[in-house]
Amino acid sequence: MIQDGSAPVYSVWIQAIKASLPVRLALASMLMLFLEMALIRWLGANVIHLAYFSNFVLLGSFLGIGAGFLISRKSWSIWPVSFPLLALLVLVVMLFPVAIERSGSAMIYFTALKMSGPPAWIVLPVLFLLVATIMAGPAEFVGRCFGQLPPLAAYRYDLIGSLLGIGAFTLLSFLCAPSIVWGLIVTALFILLSEKARWRVTAAWAFVLLVVLGVETLVPGTTWSPYNKLVISPGVDHGQKFYAISANGVPHQIMGSADMRLNSGEHIYGTPYERFPGNSLKDVLIVGAGSGSDVAIALKKGAGHVDAVDIDPKIMALGAELHPDRPYSDPRVSRHVNDGRAFLENTDRKYDLILFALPDSLTLVSGGSQIRLESFLFTRESLRAVREHLKPDGGFAMYNYYREPWLIDRLAGTAEAAFGHPPCVDTYAKLQAVVSIARNASDQVCALTQSARAPLVSVAPATDDRPFVYFRGGAFPPLYMTTLLCIFVASLVTVRGLGGPLRNMRPYADLFFMGVAFLLLETKNVATFAMLFGTTWMVNALVFAGVLLIVLAAVETTRFFRKVPLPVVFMGIAASLALAWMIKPEFLLQLSYFPRLIAATVLAFLPIFLANVAFSKRFEESSDSQGAFAVNLLGAILGGCLEYSALYLGYDNLLILTGLLYLAAFLLVPRSRVPG
């Protein structure tokens, strides 16, 4: 179709987009957030073990965004380099697979038993710098738009674009879309925002990117879930067909018949049933049901009804389609795609047997959190909830390849603390172990060899406030300390090199501390909602979308209510943080679902709203919106580093640290701005 006899309609439409500064800003912000989330997911899936360190990719994104805003004030541009570097990064990672080697016993990672590759302290900084450089391109585009609009108007369109980005990625996660779809969206946005003179160059690099992602998508057996890149490989063992499932390049599950699993020499699958010989198995709950092998075993043992719970919908779907025993087609089985802890908190059903069947994740809940998908499943409070969901003669067992003896002791000690008597602990080769405990000690039968086992008190249980079950405690992990220090030094050098002497940014020192505090506040809220409502990708996406909506609401509030004094806003921040600290999340667990949701939303988002009213009032006054935004993002990088302090402080005490940081921000507000 032709417009005005010459120009194609799509060309006119593109020119209209390019002519609208707010539209360009919103699309660039959409690209920025979508690309950030795609890099976290894709690199975590293809650089083996990186999924355990995805917050380093997030910190790289923050640095890149801050650097891009500073570059936007200069005559040269990094935008033309960003997309080619993205294509090269994807190409190199696919051609030269890298596995971050992990060793040591203070922090456990459920990875391949044999590990290789360069140490994390080399790979993480390299990826950090590459991600920062890639993200600087879209950020520069956003920054140049910021410089042409009033600060609050620019911030509004930036938030709208960010909401579009997170909405698009959430939809693709729901659809389990492959990486080629992510690549198509990123490519389309880069081409749409590029100058026409560069379209051919961008198209050439787009060809490289899309071919690589297309090849990845077409590899037989490759599929994506909302959490992992899955590869399914068929095999045969003693004439029995099975499927091996790897997640993010790491062996994850074996989908085989009940007979195969029970006769494989891995005794952990049959041991729980031996420890509760009088159990009727009328009602069974299996958390970590996965592709169905543990469900098939329960049915073979005579289970009357099985509630099968797993957090990954794709793995359950694969089990329904491919498992040799077809356990999910059995009328005695009910499938539930949910977080195990969330399921326990929202059901009134009582069970004869509850199993935690190898529920280990290979990824973090979000890029800015140290919480894994199963972290809240193994806390003292969770096992107390398990006990409350057992029938009077019911039993509970958890089993896995636990990697370290101290983890077995911690889990056994946690069970003892929750149930009030010692559990049965069976250990096998390669640190396979089963921890079994009945509601009443008289209903469990332990192996005779267990009587000589030492008391299980060596490692304190994990709690909902410190759900770091795989962190032994003691010294701060040297890997984290070294890498975080390097990241922050690199950030300072980058900001100094692009922004000039740091003293020139002194007028925005309060925005720096607001950035630090806001990141910690967001981290605390991710942890709280994960504990209260589950660690699912949907809960996580809703939290981040909610944060953006609240920030947008704060911006609009600042536009219409300009006379609220800044000291009053900071007093509100202090009061809301104190309220959130006093009302512990465990209090909210006693509420039914919707009252709990309302209370959690108010407690979590009220300080975020007030904090962003304060930020918006200061940002509106800035004479250099790009520099002010960059300083705020540098603070977010420090906040991302301080997030690791939760390993010692716990998540509740992060609120105290957050309050002190907002106090520092208030004290650093230029005196001429304090009245209002």
Side-chain angles (χ1 to χ4, degrees), residues 14 17-18 23-47 50 54 57-58 60-65 67-68 77-94 127 130-143 145 158 160-196 198-218 222 224 226 229 367 541 544:
I14 290 175
I17 290 175
K18 290 181 176 295
V23 172
R24 293 207 313 275
L25 173 53
L27 287 176
S29 296
M30 177 184 175
L31 169 62
M32 193 165 63
L33 190 66
F34 188 93
L35 179 58
E36 174 189 309
M37 299 179 75
L39 283 170
I40 290 172
R41 282 290 312 279
W42 192 85
L43 288 172
N46 288 284
V47 178
L50 183 63
S54 58
V57 181
L58 179 69
S61 298
F62 285 162
L63 176 59
I65 295 170
S77 174
I78 200 169
W79 167 262
V81 178
S82 181
F83 189 72
L85 189 58
L86 171 65
L88 283 174
L89 174 62
V90 170
L91 178 63
V92 170
V93 168
M94 293 304 294
L127 289 175
L130 286 172
V131 168
T133 307
I134 291 168
M135 290 298 301
E140 179 203 331
F141 197 106
V142 173
C145 294
D158 171 60
I160 291 171
S162 297
L163 281 166
L164 291 173
I166 197 170
F169 204 85
T170 299
L171 177 61
L172 294 181
S173 296
F174 174 77
L175 298 174
C176 296
S179 57
I180 183 66
V181 178
W182 312 347
L184 284 168
I185 292 175
V186 169
T187 298
L189 288 171
F190 262 107
I191 290 177
L192 185 60
L193 294 171
S194 294
E195 296 295 329
K196 187 173 182 180
R198 295 197 55 81
W199 279 7
R200 290 186 179 180
V201 175
T202 306
W205 286 108
F207 177 78
V208 174
L209 176 68
L210 296 178
V211 165
V212 174
L213 295 179
V215 170
E216 177 189 37
T217 300
L218 294 174
T222 299
W224 289 81
K229 174 185 175 182
F544 282 110

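Given the structure is predicted, the values throughout are model-derived calculations rather than measurements.
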- Note on the structure: From the list Thr217, Val212, Leu172, side chain to side chain contact (heavy atoms under 4.5 Å, CB included) partner of Ser179 resolves to Thr217
- Query: Looking only at heavy atoms, what is the nearest atom pair of Ile180 and Gly214, with distance?
  - Reply: CD1-N, 3.7 Å
- Note on the structure: In this structure, SG of Cys145 is separated from CG of Leu27 (nearest 0.5 Å) by 9.5 Å
- Message: Please report the interatomic distance CG(Leu85) to CH2(Trp205), rounded to the nearest 0.5 Å.
- Response: 9.0 Å
- Query: Going from CE on Met135 to CG on Leu33, what distance comes out if it is rounded to the nearest 0.5 angstrom?
  - Reply: 7.5 Å
- Item | Residues which pass side-chain hydrogen bond (donor to acceptor under 3.5 Å, both in side chains) with Ser162, listed by chain and number, not counting sequence neighbours | none
- Step by step, would you call Arg41 with Ser173 a side-chain contact (heavy atoms from CB on, under 4.5 Å)? CA-CA 10 Å; Arg41 282 290 312 279; Ser173 296; 4.1 Å; yes
- Apply the test side-chain contact (heavy atoms from CB on, under 4.5 Å) to residues Leu89 and Leu43: give CA-CA distance (whole Å), side-chain angles for both, the deciding distance (0.1 Å), then the verdict. CA-CA 10 Å; Leu89 174 62; Leu43 288 172; 4.3 Å; yes
- Query: Does Leu218 offer a backbone N or O that forms a donor-acceptor pair with the side chain of Thr222 under 3.5 Å?
  - Reply: no
- How many angstroms lie between atom CD1 of Ile65 and atom OG of Ser29, to the nearest 0.5 angstrom? 9.0 Å
- Say you draw a straight line from CG of Leu39 to CG of Leu86; how long is it, rounded to the nearest 0.5 Å? 6.0 Å
- side-chain contact (heavy atoms from CB on, under 4.5 Å) assessment of Val201 paired with Phe83: CA-CA 10 Å; Val201 175; Phe83 189 72; over 6 Å; no
- Query: With sequence neighbours left out, what residues match Trp182 under ring pair (Phe, Tyr, Trp, His ring centres under 6.0 Å)?
  - Reply: Phe169, Trp224
- For Leu210, the option from Val90, Val215, Thr187 that meets side chain to side chain contact (heavy atoms under 4.5 Å, CB included): Thr187
- Message: Main chain of Ile78, side chain of Glu140: is a donor-acceptor contact present, judged purely on distance under 3.5 Å?
- Response: yes
- Test log, rule side-chain contact (heavy atoms from CB on, under 4.5 Å), inputs Leu163 and Met30: CA-CA 7 Å; Leu163 281 166; Met30 177 184 175; over 6 Å; no
- So which pairs with a foot in residues 206-216 pass salt bridge (Lys or Arg N to Asp or Glu O under 4.0 Å), sequence neighbours left out? Glu216-Lys229
- Query: Is the backbone of Phe141 close enough, under 3.5 Å, to the side chain of Arg24 for a donor and an acceptor to pair up by distance?
  - Reply: no
